[in-house]
Amino acid sequence: MPLVTIDVIKGVFNPEQKQNLIAKVTAAMVEVEGENMRGVTWVRVNEFESGDWAIGGHVLTTAGVQSLAAGRAA
């Protein structure tokens with residue numbers, strides 16, 4: 001029974017986007033493992049507070065990630 005955990009920063013994805021993410025990750029897993037495993041494929045989204053996450057010592061914030069997504073420098 002696969003369990004996929006997706007970590008995101010709170011406020012970056014709206015509920016519809018999270019549902020879409022869950023559906024597409026589930027579909028990708030089922031494509032690999034087979035349709036019979038759909039009912040036991042778990043996908044969960046963990047949200048972390050803005051600023052509680054860093055890459056290479058650089059703190060990521062909700063606003064910074066939204067800037068990146070929009071094609072602007074964070």
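All residue numbers in this chain count up from 1 along the given sequence.
Proximity of a side-chain donor or acceptor of Ser50 to a complementary backbone N or O of Thr62 within less than 3.5 Å is detected.
Here CD1 of Ile55 is found 4.5 Å from CG of Leu60. Values are rounded to the nearest 0.5 Å. For the atom pair CZ (Phe13) and CD (Gln19), the distance works out to 13.5 Å, reported to the nearest 0.5 Å.
Scored by the side chain to side chain donor-acceptor pair (under 3.5 Å) test, Glu49 finds Lys10 as partners (sequence neighbours excluded). Remark: Glu47 engages Lys18 in a side chain to side chain donor-acceptor pair (under 3.5 Å) (not counting sequence neighbours). Evaluation of the side chain to side chain donor-acceptor pair (under 3.5 Å) rule for Asp7 yields Asn46 as partners, not counting sequence neighbours.
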Throw together a table of side-chain donor-acceptor distances under 3.5 angstrom for residues 24-35, partners on residues two or more places apart or in other chains.
unit_1: Thr26; atom_1: OG1; unit_2: Ile22; atom_2: O; d: 2.8
unit_1: Glu33; atom_1: OE2; unit_2: Thr41; atom_2: OG1; d: 2.4
unit_1: Glu35; atom_1: OE1; unit_2: Arg38; atom_2: NH2; d: 3.2
unit_1: Glu35; atom_1: OE2; unit_2: Arg38; atom_2: NE; d: 2.7

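Each ring-ring contact (aromatic ring centres under 6.0 Å, His included) pair with one or both residues in residues 18-48, not counting sequence neighbours, appears once here: Phe48-Trp53.
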Checklist entry - Yes or no on side-chain contact (heavy atoms from CB on, under 4.5 Å) for Asn14 and Gln17, after CA distance, side-chain angles and deciding distance? => result CA-CA 5 Å; Asn14 65 40; Gln17 290 171 314; 3.4 Å; yes
Which is it for Thr61 and Ile9 under the side-chain contact (heavy atoms from CB on, under 4.5 Å) test, yes or no, and what are the steps along the way?
CA-CA 7 Å; Thr61 63; Ile9 297 173; over 6 Å; no
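Side-chain heavy-atom separations under 4.5 angstrom define the hydrophobic clusters, and the remaining members of the one that includes Val40 are Met1, Met37.
Across Ile6, Leu3, Val4, a single residue satisfies side-chain contact (heavy atoms from CB on, under 4.5 Å) together with Arg44, and that is Leu3.
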